[in-house]
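Worksheet: the structure to be examined is printed underneath.
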Amino acid sequence: MSIFSKYEGLASALASVTAGGGRNPFDVVIEKPISSTVGLIEGRETLLFGTNNYLGLSQSPAAINAAVEAAKAYGVGTTGSRIANGTQGLHRQLEERLSAFFRRRHCMVFSTGYQANLGTISALAGKDDYLLLDADSHASIYDGSRLGHAQVIRFRHNDADDLHKRLRRLEGTPGSKLVVVEGIYSMMGDVVPMAEFAAVKRETGAWLLADEAHSVGVMGKHGRGVAEADGVEDDVDFVVGTFSKSLGTVGGYCVSNHAGLDLIRLCSRPYMFTASLPPEVIAATMAALTELENHPELRIRLMDNARRLHTGLQAAGLRTGPQASPVVSVILDDVAVAVAFWNRLLDLGVYVNLSLPPATPDQHPLLRTSVMATHTPAEIDRAVDIFATVAREMGISRAA
Amino acid sequence: MSETVASVSALIVKTLLANPKVPRDINGSSKIVEDLAFDSLAVMNFVMEIEDTLDVSVPLDRLADIRTIDDLAACIVSLKQAS
């Protein structure tokens, strides 16, 4: 018996996705980015509507220059973990920059956003504690809950009353209760009602962690995320985020006003047992953060673009998520239709993400798009036209 | 009145049968993943429905040990007794 026998179901599911002669959606290669919004795929210039590069900063000249200069000055790697030989002056500088940006006293930087959730959640919620997770939480949050030893309880998506009910059931139970929500949910682009969760946190004495991976740089007057936009930053004990969305690089962080965060450096395995971020990434991230701070107009343009795409797709007769945000998903009913639709979009020059159950809410396949501040109105209109064309070809448009 | 494994198991079967995709011949011995063809997300969402009906929260780690409907019923009864 092969060690891979347990994946026979997975193999047949993948075979069914490619059965019609379509591509393997998990194997698309962006051969070369031409700009933040256009990439070369299969030798063709393709509009990128699935990169999470919300502000277009992966191609920022300032960030690129900073990376080049840092590589020249410091080399290209640290060859060590943060608690061994992997902490350099740049790591401290980045943590201080993030603390200042978020107006919080403490910051830990991780090597990826995934590890930031893994390392923070697993260390904060210990054996005798309770973790309360939104049902639609990202995999990194679920994985963090498995790496720790807390009791894990799910509450209904974006439903503060449901959380309250579940916290009430825990009244009198020893142990801390850590609630985890996301600013913008990555599959449907829906925004957390943070003020409602903050109210439950205040009433029950729970701790609140907000993963603002998709909302930092996107929401709030200064780009600090949904907590800032809702005016409840003081109620959020821990903000976790990533550099790989609006900041265009790679890495993750946790910021907090709780001094205890520094103790986590000594017990968070995803922080302790992996190599730290290389100098060029840190330098590029700090340059991108400066861009984010100095160009609030990027956020305005991003949300204008999000509304343009959301409205356009709805006008084309397609079913989308509930609100315009930088993640706009087209919801379909059938996996085979979603696969064919996604293939045809790529044929016609639009790259989006094909998201399949069970990674999606409610078992629906999604054509997940993400918008950028750097998309031009013409690029968005072109993408909407191609969506509308494919929908008509496949007979699934709801438009009259 | 306190729930028994049999009464909770019957309630779970009744809740499951409200879903037309679930096979009609299920009982307390039915295996949730194999016999009902539920994936991990479907199991978690289904348990959430039962939690609301019985006003109990089932920690996710407890689900790892549950294979049959009766296993789930026994778990819920023990959680209710503990609270």
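Numbers restart at 1 for each chain; the letters A, B, ... are given by sequence-line order, proteins then strands.
At most 12 heavy atoms of other shown residues, nucleotides or ligands fall within 6.0 angstrom of atom CZ in F4(A).
Counting heavy atoms from C-beta outward, V47(B) and I66(B) have side chains that stay 4.5 Å or more apart. The shortest side-chain heavy-atom distance between I69(B) and L16(B) falls under the 4.5 Å cut-off.
Per-residue heavy-atom pair counts under 4.5 Å with chain B were compared for L133(A), V152(A), L131(A), and the maximum is reached by V152(A).
Atom CG in L147(A) sits 5.0 Å away from atom CG in L118(A) (nearest 0.5 Å). To the nearest 0.5 Å, atom CG of residue D71(B) and atom OG of residue S30(B) are 11.5 Å apart. Atom CZ of F38(B) sits about 8.5 Å away from atom CD1 of I32(B), to the nearest 0.5 Å.
Residue V58(B) touches chain A through its backbone alone, counting heavy-atom pairs closer than 4.5 Å.
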Show the numbers, then the answer: is there a side chain to side chain contact (heavy atoms under 4.5 Å, CB included) between V22(B) and F46(B)? CA-CA 12 Å; V22(B) 169; F46(B) 158 67; over 6 Å; no
Interface of chain B and chain A, donor-acceptor atom pairs under 3.5 Å:
| unit_1 | atom_1 | unit_2 | atom_2 | d |
| --- | --- | --- | --- | --- |
| M44(B) | O | R154(A) | NH1 | 3.3 |
| N45(B) | OD1 | R154(A) | NH1 | 3.2 |
| N45(B) | OD1 | R154(A) | NH2 | 3.1 |
| E51(B) | OE1 | R166(A) | NH1 | 2.7 |
| D52(B) | OD1 | K165(A) | NZ | 3.2 |
| D52(B) | OD1 | R166(A) | NH2 | 3.1 |
| D52(B) | OD2 | R156(A) | NE | 3.2 |
| D52(B) | OD2 | R156(A) | NH2 | 2.6 |
| D55(B) | OD1 | R169(A) | NE | 2.8 |
| D55(B) | OD1 | R169(A) | NH2 | 3.3 |
| V56(B) | O | R169(A) | NH1 | 3.1 |
| S57(B) | OG | R169(A) | NH1 | 3.0 |
| L60(B) | N | V152(A) | O | 2.7 |

